[in-house]
Amino acid sequence: YLAVIISIFSIVACSQIKDFNDNQLENKIISEYKNWANQGITSYRAKIEESSVWYSLTITIEVNDNQVVKLQINCGDALLDTGGSLCSKTASTIQADEYTISGLFNRLKDSRSTFYNEYTNEFINSSWHEILSIQYDPTYHYPKMIHYDIPDVVDEENYIDVLDFEILH
């Protein structure tokens, strides 16, 4: 009987710790977004690389008054996309605002519900904060590096790196 109570307590405690850590991550994303937004940067150019074993993209985006005025997408080499067809297919579905700084923050905010809706505990024992790593630019507070890696899944790693960022006046 005592073993059952201890087991239940352990499960509840682990669940609460995961929720706490997930909430800390969500609060950090919100805080960094506010820091970014408070600077009032509305015009910029960025070079962003998104890569996985399935595709590799380099996106150059120019934003003027929060509107995308230029978007260039180039396919690179990926381990499992030797002919580039998956990259081309992926590139053709990209919406212009996905790679704005606000778009990257939206992706981060949405990733919590996406993670828990697409993957069940039946397959994955990890929680959201365990699969997502983020580094923020120390000056402008945009997500400079986003890394998704579900420890229980093979070949799903995804990296988004802001390689270059320039404020336009």
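- Qualifying salt bridge (charged side-chain N to carboxylate O under 4.0 Å, His left out) partners for E62, counting only residues two or more places apart in sequence or in other chains: R45.
- The two residues S43 and N64 make their nearest non-hydrogen contact at OG-OD1, 3.1 Å.
- Not one N or O on the side chain of E32 forms a donor-acceptor pair closer than 3.5 Å with the backbone of Y136.
- A heavy-atom distance below 4.5 Å is not found between the side chains of I101 and I41.
- Contacts classified as salt bridge (charged side-chain N to carboxylate O under 4.0 Å, His left out) and involving residues 90-99 (residues at least two apart or in different chains) are given here: E98-R107.
- Side-chain contact between Y142 and L104 is absent, with no heavy-atom pair separated by less than 4.5 Å.
- Listed for the Q39 side chain is a donor-acceptor partner under 3.5 Å among the backbone atoms of N35.
- For the pair L163 and I48, the minimum side-chain heavy-atom distance is 4.5 Å or more.
- Shortest non-hydrogen contact noted between C75 and L57 is SG-CD2, 4.2 Å.
- In this structure a side-chain-to-backbone donor-acceptor pair under 3.5 Å is present from D137 to T139.
- Inter-residue side-chain proximity for E50 and N158 is flagged as met; some heavy-atom pair is nearer than 4.5 Å.
- By the 4.5 Å heavy-atom criterion applied to side chains, S133 and Y148 are not counted as neighbours.
- No side-chain heavy atom of I160 sits less than 4.5 Å from a side-chain heavy atom of E49.
- By the 6.0 Å contact criterion, OH on Y140 is open, its count of non-hydrogen atoms from other residues, nucleotides or ligands being 12 or less.
- In terms of the salt bridge (charged side-chain N to carboxylate O under 4.0 Å, His left out) criterion, K47 has no residue partners (sequence neighbours excluded).
- N66 places none of its side-chain heavy atoms less than 4.5 Å from the side chain of T100.
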